[in-house]
Amino acid sequence: MEEVRRVEEGWGDKPPRAEEDDGNNKNNPTKEAHEKEDESKERLTQHEESAPLIKPKNKRVAALDAFRGLTIVLMILVDDAGGAYEKIDHSPWNGCTLADFVMPFFLFIVGVAIALALKRIPKVSHAVKKIVLRTLKLLFWGLLLQGGYSHAPYDLSYGVDMKYIRWCGILQRIALVYLIVALIETFTAKIRPTVLGTDRFSIFTSYRWQWIGGFISLLIYLIITYALYVPDWSFVVHERVGATRYTVKCGMRGHLGPACNAVGHVDRQVWGVNHLYSQPVWIRLKVCKGTWADKPPTWCLAPFEPEGLLSSISAILSGTIGVHYGHVLIHFKEHSERLKHWVSMGLILLIVAIILHFTDAIPLNKQLYSFSYVCFTAGAAGIIFSAIYILIDVWGIRLPFLFLEWIGMNAMLVFVMAAQGIFPAFINGWYYENEGNSLVYWIQKHVFNNVWHSERLGTLLYVIFAEITFWGVVAGILHKLGIYWKL
């Protein structure tokens, strides 16, 4: 019966062997063999009818969780230590810093997860319902955390004036990209190949609709960015005494500078200037610092939405590239085949981005989410994901990256509690005599800043140990308890 079980589960390579002749039917060995074979087949049939259906478990690719955890860690690092170390903070305009990799890394891994989650779709209507519901959840949490309602972690007040609520944000962009990419993956399920052709480009042609969707979004972005006329526009700066209105002179097309680009114009028209991010990173540009003799241009004080509508349309291509990496993971079973495809595509994307940037054709720009920026960050994501895959899934070096896996498996929890500051805001709510005398402030000052005699270094160490390491341990405990927060 053991051999029967192994064949049923896919482990054996031959049917059960007929029992050996016991010598009682030596005169008719052929007949006896047939009887034994029939008896064995009958037992096998009975066993198959009575035994429960055993489904082989899919082996989890640990690199997916580790990459997702790495992205969360990068986000915490650049958000909370970027003020002390400006070089890792977002680039003021053209260029790419460590912080600028966070958003496209999120979209890349979302794409990979979509390909794996929608590998089999028993019922399209059910899948669409789940996709729409998850999109609405992402939008809800995005508005709650980044719309202005929460002022965590240091301002203990809450609430937002609806006249100035910020409609866009990180989770809102992820929601849009997820919705479009997942719907394309779902509606093309019936024409999805089970086996790829022998052509080296069959992985692209078999999923042509996914690529068509990605390139249509890119085409829409490029046409609007370079063809849309941007007129003069104005904004109001509210001060303690009164308010001042400023006007920005534009009247041009295809401009890629901070003041007169089509990305900002679309957001001002769709959302309204009051609903954009009020502290854009371009304030760190040299021209915006100015002097008494040379005052900065008025647009330096203006709001700008880094996760706006038009730039989010361009970001769909980041998710599409991630989906492609997921398709490679599904169809290519050998490590060498997967890595060959991933690394080669990553290098090609990096080369394209570098050429576009250094020829000034399309500069790298996170705020505009330019095409070169999409290629550069997606290429980097592909290379880093491949490296993590080699270390963890190929070489089996898993222990040093367990905390990344744990964080990746509970990414939403760590994002909300740590990256968005909800947990330290809760701790800050318990203070003595004044709001500045709380446990978080005390730890920052006495355990890190005073010990190292440097607020800059103390801030970095606080982020590494009191935030990243702390949440790595918490995520590990939750993993052991089987507790996960998923949308």
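Quantities reported herein were computed from a predicted structural model and do not represent experimental measurements. Throughout, residue positions are numbered sequentially from 1 according to the sequence presented.
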**Message:** side-chain hydrogen bond (donor to acceptor under 3.5 Å, both in side chains) for S318 and Y369? Distances and angles first, verdict last.
**Reply:** CA-CA 10 Å; S318 294; Y369 220 95; 3.0 Å; yes
**Asked** When you look at T71 and V102, which way does the side chain to side chain contact (heavy atoms under 4.5 Å, CB included) test go after all the steps?
**Response** CA-CA 6 Å; T71 305; V102 174; 4.2 Å; yes
**Request:** Output, in order, the C-alpha distance, side-chain angles, deciding distance and verdict of side chain to side chain contact (heavy atoms under 4.5 Å, CB included) for Q367 and F304.
**Result:** CA-CA 9 Å; Q367 311 302 315; F304 181 83; 3.8 Å; yes
**Request:** Please assess T377 against D100 for the test side chain to side chain contact (heavy atoms under 4.5 Å, CB included), listing each intermediate value before the final yes or no.
**Result:** CA-CA 8 Å; T377 53; D100 295 325; 5.8 Å; no
**Prompt:** For L368 and L256, what are the C-alpha separation, side-chain angles and deciding distance, and is it a side chain to side chain contact (heavy atoms under 4.5 Å, CB included)?
**Reply:** CA-CA 8 Å; L368 300 178; L256 300 181; 4.2 Å; yes
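Donor-acceptor pairing under 3.5 Å is lacking for the side chains of R166 and S278. There is a side-chain donor-acceptor pair under 3.5 Å between N428 and S438. There is a side-chain donor-acceptor pair under 3.5 Å between S157 and H151.
Shown here for L310 and V266, the closest heavy-atom pair between the two residues is CD2-CG2, 4.2 Å. A pairwise comparison of heavy atoms in Y221 and S370 identifies OH-CA, 3.5 Å as the closest pair. In terms of heavy-atom proximity, A361 sits nearest to Y226 at O-OH, 4.1 Å. Heavy atoms only, all atoms of each residue included: V447 and W442 are closest at CG2-CZ3, 3.8 Å. Across all their heavy atoms, I121 and A189 have their closest contact at CD1-CB, 3.8 Å. The minimum heavy-atom distance between A378 and I321, with the atom names listed, is CB-CD1, 3.6 Å.
For Y389 and F67, the distance between ring centers is not under 6.0 angstrom. For W141 and F415, the distance between ring centers is not under 6.0 angstrom.
Residue F470 qualifies as enclosed at atom CZ: its count of foreign heavy atoms under 6.0 Å is above 12. By the 6.0 Å contact criterion, CH2 on W209 is open, its count of non-hydrogen atoms from other residues, nucleotides or ligands being 12 or less. More than 12 heavy-atom neighbours from other residues, nucleotides or ligands sit within 6.0 angstrom of OH on Y229. Within 6.0 Å of OH in Y484 there are more than 12 heavy atoms belonging to other residues, nucleotides or ligands. By the 6.0 Å contact criterion, CH2 on W452 is open, its count of non-hydrogen atoms from other residues, nucleotides or ligands being 12 or less. By the neighbour-count criterion of 12 heavy atoms within 6.0 Å, atom NE2 of H446 is densely surrounded, having more than that number from other residues, nucleotides or ligands.
Remark: Q210 CD to I114 CD1 distance equals 10.5 Å, nearest 0.5 Å. Atom-to-atom distance recorded for D65:CG and L70:CG is 12.5 Å, nearest 0.5 angstrom. Expressed to the nearest 0.5 Å, how far OG of S311 lies from CD1 of I316 amounts to 11.0 Å. Taking CG of L228 as the reference point, atom CZ of R253 lies at 7.5 Å (rounded to 0.5 Å). Atom-to-atom distance recorded for C375:SG and L356:CG is 6.5 Å, nearest 0.5 angstrom. The structure places CG of L183 at 10.5 Å from OG1 of T188, a figure rounded to the nearest 0.5 Å.
Using a 4.5 Å cut-off on side-chain heavy atoms (C-beta onward), K366 and V281 make no contact.
With hydrogens and angles ignored, the 3.5 Å screen pairs no side-chain donor or acceptor of W471 with any backbone N or O of V73. Put simply, the side chain of E307 never gets that close to the backbone of Q172: no donor and acceptor are under 3.5 Å apart. Between the side chain of S206 and the main chain of I203, no donor-acceptor pair closer than 3.5 Å is present. For the pair Y85 (side chain) and L460 (backbone), a donor-acceptor distance under 3.5 Å is absent. Of the possible donor and acceptor atoms, none in the side chain of N261 sits under 3.5 Å from a partner among the backbone N and O of H255. In this structure, R284 contributes its side chain and H90 its backbone to a donor-acceptor pair below 3.5 Å. A donor-acceptor contact shorter than 3.5 Å is absent between the side chain of D89 and the backbone of A99. At least one donor-acceptor pair under 3.5 Å links the side chain of H357 to the backbone N or O of L364.
One finds no salt bridge joining K445 and E455 here, because no Lys/Arg side-chain nitrogen approaches an Asp/Glu carboxylate oxygen to under 4.0 Å.
Between H324 and the choices F108, F385, W342, F204, the ring-ring contact (aromatic ring centres under 6.0 Å, His included) rule is met once, by F204. Exactly one residue among V416, V414, N410 makes a side-chain contact (heavy atoms from CB on, under 4.5 Å) with M412. That residue is V416.
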